Amino acid sequence: MTEENNDKIDIKSMNYDEVKEYVKSINEKPFRAKQLYEWIHKNLVLSFDEMTNLSKDFRVKLDKSCTIEGARVIKRQTSADGTSKFLMRLSDGNTVESVLMKYKHGNSVCISTQVGCRMGCRFCASTVGGLIRSLKTSEMLDQIYEIQRITGERVSNVILMGIGEPLDNYDNVVRFIRMLSDENGLNVSQRNITLSTCGLVDRLRKLVDEHLTITIAISLHAPNDELRKEMMPIANKYTIAEIMDACRYYIEKTGRRITFEYSMVEGKNDTKECAMQLVNLLRGMNCHVNLIPLNPVEGRMGKRSKGADIQGFKLVLEKNHINVTIRREMGSDIDAACGQLRNKNKGGKMHEGEF
Ligand code: SAH
């Protein structure tokens with residue numbers, strides 16, 4: 001798959017085998033493919049001109065027919081806790097967000113997979129304005145490359161939990177995961193990659209058959225269909241029972257544990273009854289529940305649950321032997337809920353000089 005950008009080949013979206021094919025097709029020596037791939041995906045250069053072990057002719061040829069433009073940082077906000085949020089500009093002027101979280105065990109980056117989103121979750125900022133377009137593989141890779149370039153530090157964990165629904169951009173996302181974990185590139189272990197989805201069941205089953213060893217996180221947010229439909233339109237398409245079946249299929253096939261995300265909305269899904277329903281749903285399953293205190297978004301659904309209710313909910317799960325944690329809040333002072341920074345900067349596409 002070689003997507004064209006301004007009539008140029010998007011070579012950063014090509015995997016290693018495709019780069020080899022391409023190099024062969026333009027009559028360059030086969031060993032040049034590894035050099036070229038490494039310049040792009042290991043050394044993270046921004047221009048062909050920097051690829052100094054390639055001949056000048058080859059570099060000029062590449063520059064004429066290919067692009068390595070993906071995403072560039074145009075704004076950075078750093079929180080008191082060290083979390084940074086980056087606004088990235090894509091080559092067509094659209095913007096997405098990425099977040100860098102620094103942990104003792106390494107740097108984690110949360111990336112966006114689409115410009116906007118069409119899933120319509122009622123509490124989420126990313127879906128305001130709908131879906132503009134899906135990201136190319138190069139644009140997902142570059143969110144990580146840019147942050148690594150800027151910080152000079154290795155990114156060891158990647159989460160697909162920013163703007164967009166990853167499984168609504170299936171092919172590019174699977175390609176992205178394979179290229180990110182390619183030993184000729186950044187070689188990020190698939191075990192350190194987490195994909196979060198609102199639960200597109202058919203795609204989820206297909207994903208299992210890709211034989212990846214990533215972690216799957218399911219945005220469940222409600223323990224019954226009725227309540228889930230009030231919060232997430234996708235619940236009209238897939239039932240919780242169907243999602244659970246697909247999750248069991250995933251666990252059975254991969255032996256990996258599933259994470260369930262549960263954003264807590266005051267008076268809506270944070271009652272003890274809800275907690276008990278959740279217990280009944282997950283009992284005996286190899287899983288982990290992540291309770292997320294809602295990040296209230298202006299004009300969107302709901303208030304954040306009270307601390308005591310979150311603790312009470314957690315206790316019910318714990319008493320029933322369900323693994324549960326409350327998500328540590330990072331960067332809430334910098335619009336870290338998905339889509340908030342992008343929305344703030346909207347009202348037009350951004351241009352390079354504005355940074
Ligand atoms: N589309 C994917 C990934 C992006 S959202 C998905 O649905 O999983 C990442 C997580 O943040 C999801 O669990 C999402 O439901 C949750 N989320 C979105 N807006 C939120 C908000 N305002 N407060 C708390 N969690 C939110």
Side-chain angles (χ1 to χ4, degrees), residues 1-3 10 12-22 33-34 37-38 40-42 105-106 108-114 134-145 154-162 164-220 234 238 241-261 282 284-288 290 323:
M1 185 204 66
T2 60
E3 285 175 311
D10 173 18
K12 196 176 264 175
S13 289
M14 279 188 193
N15 64 31
Y16 188 36
D17 286 339
E18 289 163 346
V19 170
K20 279 193 217 164
E21 277 303 307
Y22 178 68
K34 190 173 170 70
Y37 195 88
E38 286 187 351
I40 300 174
H41 299 283
K42 236 181 197 150
H105 63 264
S108 274
V109 169
C110 172
I111 67 146
S112 296
T113 55
Q114 296 183 308
S134 281
L135 295 194
K136 298 182 226 169
T137 300
S138 54
E139 293 168 329
M140 290 184 263
L141 288 169
D142 240 3
Q143 292 174 58
I144 296 152
Y145 296 177
R154 178 173 166 77
V155 172
S156 54
N157 289 269
V158 171
I159 42 189
L160 287 77
M161 230 182 243
E165 166 49 50
L167 297 186
D168 192 33
N169 183 14
Y170 187 91
D171 291 339
N172 291 345
V173 162
V174 169
R175 170 178 284 269
F176 161 79
I177 293 168
R178 294 219 160 94
M179 288 176 67
L180 185 66
S181 53
D182 189 326
E183 59 183 12
N184 296 299
L186 282 196
N187 198 11
V188 174
S189 162
Q190 285 189 9
R191 292 186 168 265
N192 295 342
I193 301 175
T194 300
L195 182 152
S196 176
T197 174
C198 64
L200 306 184
V201 172
D202 304 338
R203 302 275 173 87
L204 194 54
R205 286 183 169 272
K206 191 172 167 204
L207 187 69
V208 178
D209 297 329
E210 304 280 352
H211 303 292
L212 303 170
T213 53
I214 58 171
T215 299
I216 299 287
I218 304 283
S219 299
L220 194 62
I234 194 67
Y238 300 109
E242 287 171 316
I243 294 177
M244 290 301 149
D245 274 352
C247 289
R248 282 192 202 93
Y249 178 59
Y250 179 78
I251 294 168
E252 188 188 297
K253 282 268 182 179
T254 62
R256 310 260 309 146
R257 183 170 88 157
I258 293 234
T259 297
F260 290 100
E261 291 155 282
L282 305 181
M285 202 167 177
N286 183 15
C287 69
H288 173 260
N290 204 200
N323 290 308

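Just so it is clear, the values below take in all heavy atoms, side chains as well, and ignore hydrogens, waters and symmetry mates. Remember, predicted model here, so these are calculated numbers, not experimental data.
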Chi angles and distances behind the side chain to side chain contact (heavy atoms under 4.5 Å, CB included) call for V158, N192: CA-CA 6 Å; V158 171; N192 295 342; over 6 Å; no
V188/R154 under side chain to side chain contact (heavy atoms under 4.5 Å, CB included): CA gap, chis, key distance, verdict: CA-CA 10 Å; V188 174; R154 178 173 166 77; 4.2 Å; yes
Partners passing side-chain hydrogen bond (donor to acceptor under 3.5 Å, both in side chains) against D209 (at least two apart in sequence or in another chain): Y249
Donor-acceptor contact below 3.5 Å, side chain S112 vs main chain Q114: no
Nearest heavy atoms of I40 and Y145, plus distance in Å: O-CE1, 3.8 Å
Test item: side-chain donor near acceptor, N169 and T113, under 3.5 Å: no
Heavy-atom check, side chain of T213 versus side chain of T254, under 4.5 Å: no
From CG (L220) to OG1 (T197), nearest 0.5 Å: 11.5 Å
Straight-line distance of L195 CG to I218 CD1, nearest 0.5 Å: 8.5 Å
Pairwise side-chain contact, D245 with R205, heavy-atom cut-off 4.5 Å (strictly under): yes
Sidechain-backbone polar pair: N172 side chain, L135 backbone, donor-acceptor under 3.5 Å: yes
Closest heavy-atom pair and its distance - I216, Y250: CG1-CZ, 3.4 Å
Side chain to side chain contact (heavy atoms under 4.5 Å, CB included) between L167 and K206, intermediate numbers included: CA-CA 10 Å; L167 297 186; K206 191 172 167 204; over 6 Å; no
Distance-only side-chain donor-acceptor flag, D17 / N15, under 3.5 Å: no
K34/E38 salt bridge by N-O under 4.0 Å criterion: yes
Spacing of CD1 belonging to I258 relative to CG belonging to N286, to within rounding of 0.5 Å: 9.0 Å
Sub-4.5 Å side-chain heavy-atom contact between M140 and L180: no
Check: S13/T137 side-chain N/O donor and acceptor closer than 3.5 Å: no
Residue pair M285 / I251, side-chain heavy-atom distance below 4.5 Å: yes
Intermediate values then yes/no, side chain to side chain contact (heavy atoms under 4.5 Å, CB included), L207 and V174: CA-CA 8 Å; L207 187 69; V174 169; 3.9 Å; yes
Nearest heavy-atom neighbours spanning C287 and R257: CA-CG, 3.6 Å
Minimum heavy-atom distance Q190-L212, with the two atoms named: OE1-CA, 3.3 Å
Separation of I144 CD1 from S108 OG (nearest 0.5 Å): 10.5 Å
Residues in side-chain hydrogen bond (donor to acceptor under 3.5 Å, both in side chains) contact with T215, at least two apart in sequence or another chain: R256
Side-chain donor-acceptor contact under 3.5 Å, E210 with Y170: yes
CZ on F260 to OG on S219, rounded to 0.5 Å: 10.5 Å
Rounded distance (nearest 0.5 Å) linking atom OG1 of T194 with atom CZ of R191: 11.5 Å
Heavy-atom closest pair, residues V201 and A246: CG1-CB, 4.1 Å
Pair R203 + E165: basic N to acidic O under 4.0 Å: no
Heavy-atom pair of closest approach, residues H41 and M179: CE1-CE, 3.5 Å
